[in-house]
Structure formats: structure tokens, C-alpha cells
Amino acid sequence: MNLLQNQKLNNKKAIIRVDLNVPLNEKKEVTDYTRIEAIKETVNFVIDNGGSCILLSHLGRPKGKDENLSLKNILGPVSKTLDKPVIFFPDCIGEEAEQATKKLQQGEIILMENLRFYKEETGGDKLFAEKLSRLGDLYINDAFGTCHREHASTAVIAKYFPKDKYVGKLLQKELEAISQIADQGEKPVLAILGGAKVSSKLNILYNLIKKVDKIIIGGGMAYTFIAAQGGKIGESLIEDDLIENAKEILEIAKTLNKEIILPDDIKASTDFNQNDLIKIFDSNKIGSGWMGLDIGPKTIEKFNQLILSSKTIFWNGPVGVFEKEAFLEGTRSICNSLKEAKTLGVNVIVGGGDSIAALKKLGKEDWVSYISTGGGALLESLEGKTLPGVKALLNEN
Ligand code: AMP
């Protein structure tokens, strides 16, 4: 794959597929700038090396043209974040669009209209991709968050630039983070998986158990595993149809000499309502009528030790119902331990919506080694798949 390194772009026009699918409130104001911040490095690289930028992105899930989802709505925030003027063009294909990009001067940036105003984008239409390719001289994919989709601007357009297709700076960082988790990270590598359901992370578990040294399973996911080992889990969350898979994963871990670590004690309640009774149980002896909603004090200590004795850590998913103060303690302690580990030189990678939400809630996100910007794209990568948008950038394709 071609990385952006020392290329001199000599007034070349770079088509950059970015992910500007930012959250907007009802006044169409951007409520989180993370994704805009994330495009800065590639845009600056292109400009510093003498090129100009043609930004392609989607926003939301429009069915045809929809002014509410026009990228014009975010022109101001994009320009402000990049600290550079940005031109807007109200279409992303066609003769006039091509004229507009042809006129771009070195150092200029143009933001094209929402790709998904055309159904051909999500349909992966070749003709549409070819029309997009006419906008510039080279193609850079920097939209990790959509690389798992076989869309025209991610998986198809690259073939029109067999020699001039590049991995953007953000995409490069995401791929490096994934490879540190699943291949090349300094050992021992620990994955901490939490969240509500085993089902959404089943394929990740099957893949990561082969790749990492240890997996902590917390949150609602843990109870299916505890039940698979014969534990009594009261009214805690369980996916009965996955008990056999849980047994199989535990068996694979044993065969490969890997460790799966489950909570020893848990904090339970009779209700999600935090005013209800709260009690600590051994995780395999939860009373009937009680549901485990957070990890208990012994487990907090044990997880802390595991975190501090690892060299690379990937965290995805809260270990309790972190939205409620009464069940936030476990997730808070994970954050604190990770932060301490980071100061000791441990590589800490965080990904997946709810872990980031938890970090933000606890006001602790700036110290992390790397926070992934991808949801589905990250999860599919950790399942061991090569994403279509990444595959398209391989030189043999
Ligand atoms: P996910 O989207 O799969 O990462 O799941 C995140 C959700 O899992 C959060 O809303 C948490 O409240 C929830 N969760 C974490 N631990 C538990 C638990 N022990 N029981 C039920 N839900 C949980």
C-alpha cells in the first residue's frame, strides 16, 4: 500500500475521501468535532507538499437530495477546524463539478456535496465511481469509519488510480493500531471486552483469542461465560443460544494457552433503578432475583493488576452499566488503571462507541495512546477481515 510520505504533489489535485459524518443537533450545529479534527493531518500533508484538496464525504443517511444533510451545513466548522478557507461545491459529480475542481489553485480546498445524495454511492456503482475519479489526479482514502462498506467512494474509485492511490494519515494510524492489537503489539497483549452482548462481539472473541495473550470479559457479556462454566447468575443478562459458543471459546483459550479472565465478584441489584438494593456476590453465586450490573471490589483489584502487568492493551466496552452512578465504579477503575498503565509506558488503545463515551463521561480521554474513530470498521477489522476500502488500496488491486 502507498503511504503518504515524501511525495511532491506539484499542484496535483488530491481527491480525499474523508469521514465528515459528524453529529448535528436540531439547529444543524456540529456537536462533536473529533472527525473534523481527524482529517487535518492529511489535508495539511497535501497542502504542505504543493497539492490541493477535493474533499469527498457522506453525512447521515439521506434518501436522495436533502438540504438538512447538505455538507454546506458544516462548511464553517470544517474551515474553522482546518484554519483555512474552504470552498463548497453543491454537487459531487458532473461537468460543472469537474470544472470547479480543475480551477483549484495550489493550497486550495474544496468540499463537495454529500456523496449519498446519489444512491449509486452506497450501491458501489462503477460509473459513479468513475465520475468521481474525474475530479482529481490522485486518490487518498482517509475515511476509516466507512472502509467496511463497499461504496463507490471507498472500495470502487481506487481502481481508477492504479498507481496513484494512497492510505491517508488517519487510516494509516487506524491500521497501525489494529496491527498492534492483533499482530505486532509488545507482549503481553491484553484485550478488555465489555458491553451488553456477547453476540455483537462473538467473531471478535474467536479472532482475538488467537492473537492476544489475555482477554478480560466484563459487562453484561460476562454472564453468558459464567453460566457456561456452571455458575448461578440470577437475573443477569444472558444469551442462552451462545452458551455453547462461550464454552468453545473457553476451550480454545485453554488449548492455545491463553487466558480468559472473568469477574470473581460482582455488584448486583434487584432492578436497574439505583435506589434499589445493591449487594456484592461471588460472580458464580448470584442470588435469584439479583442481576449483576458492575464488577465488584475484588475484581476491580484483579483487573487493575492485569492492566498494570500488560504492555499493549485494547479496551472496548464498559464493564458495567456505566450510565448509572451506582454501577460506574468498575468502568471508572478501568479508566484509572489504564491511565496509570499509560504513564508506565503501556500502549493503550481504545475503540468502540461506549468506551469512548465512558472516557468522555469520566473526563479522561486526552492521555490515551490511540482512540479509534471507527465503529463497525474497527469491529470488523478485529474480526480479522480486510475491509473493502483497505483492500482496494492494495497495489495488486
Ligand atoms: P455495547 O454497545 O455492546 O458496548 O454495550 C454497552 C452497554 O452495555 C452500555 O449501555 C452498558 O450499560 C451495558 N452494560 C454493561 N454492563 C452491563 C451489565 N452487567 N448488564 C447489562 N448491561 C450492561
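Whatever order the structure lists ligands and atoms in, that order sets their numbers, starting from 1.
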request  = Could you check atom 15 (C) of ligand 1 against the protein and tell me its nearest heavy-atom contact, residue, atom and distance included?
outcome  = Gly320 O, 3.1 Å
key: Neighbour count above 12 (heavy atom, 6.0 Å) for Lys285 NZ   = no
query = So which heavy atom in the protein is nearest atom 17 (C) of ligand 1, and how far is it from that ligand atom?
reply = Gly220 N, 3.2 Å
message = Below 4.0 Å from ligand 1: does a non-hydrogen atom of Lys324 turn up there or not?
response = no
request  = Note the single closest protein heavy atom to atom 6 (C) of ligand 1, along with its residue, its atom name and the distance in Å.
outcome  = Asp354 OD2, 2.9 Å
request  = List every atom of ligand 1 that sits less than 4.0 Å from any heavy atom of Tyr223, numbering the atoms from 1 in the order shown and giving each element.
outcome  = 19 (N)
ask   = Does a side chain donor of either Asp271 or Ser269 reach within less than 3.5 Å of an acceptor in the other side chain?
value = no
key: Residues Gln184 and Ser179: side-chain donor-acceptor under 3.5 angstrom   = yes
inquiry  = Looking at ligand 1, is there an atom of it that comes within less than 4.0 Å of some heavy atom belonging to Phe327?
reply    = no
query = Can an N or O of Gly292 be found at a distance shorter than 3.5 Å from an N or O of ligand 1?
reply = yes
task = State, without any angle test, whether Glu37 and Thr81 hold a side-chain donor-acceptor pair at a distance under 3.5 Å.
result = no
ask   = Any idea which protein heavy atom is nearest atom 4 (O) of ligand 1, and the distance to it?
value = Lys201 NZ, 3.3 Å
task = Check the pair Lys298 / Glu301 against salt bridge (Lys or Arg N to Asp or Glu O under 4.0 Å), numbers first and verdict last.
result = CA-CA 5 Å; Lys298 276 193 261 168; Glu301 190 41 44; over 6 Å; no
remark   = Note: ligand 1 atoms sitting under 4.0 Å from heavy atoms of Leu293 are 19 (N), 20 (N)
ask   = Would you say the ring centroid of Phe128 lies under 6.0 angstrom from that of Tyr118?
value = yes
ask   = Looking only at protein heavy atoms, which one is nearest to atom 5 (O) of ligand 1, and how far off is it?
value = Ala196 N, 3.0 Å
Protein heavy-atom partner closest to atom 22 (N) of ligand 1 - residue, atom, separation in Å = Val321 CG2, 3.7 Å
message = Within a 6.0 Å radius of atom NZ on Lys232, are there more than 12 heavy atoms belonging to other residues, nucleotides or ligands?
response = no
request  = Among all protein heavy atoms, pick out the one at the shortest distance from atom 10 (O) of ligand 1; state its residue, atom name and that distance to 0.1 Å.
outcome  = Glu323 OE2, 2.5 Å
ask   = Ile217 and side-chain contact (heavy atoms from CB on, under 4.5 Å): which partner among Leu205, Ile192, Val198, Ile261?
value = Leu205
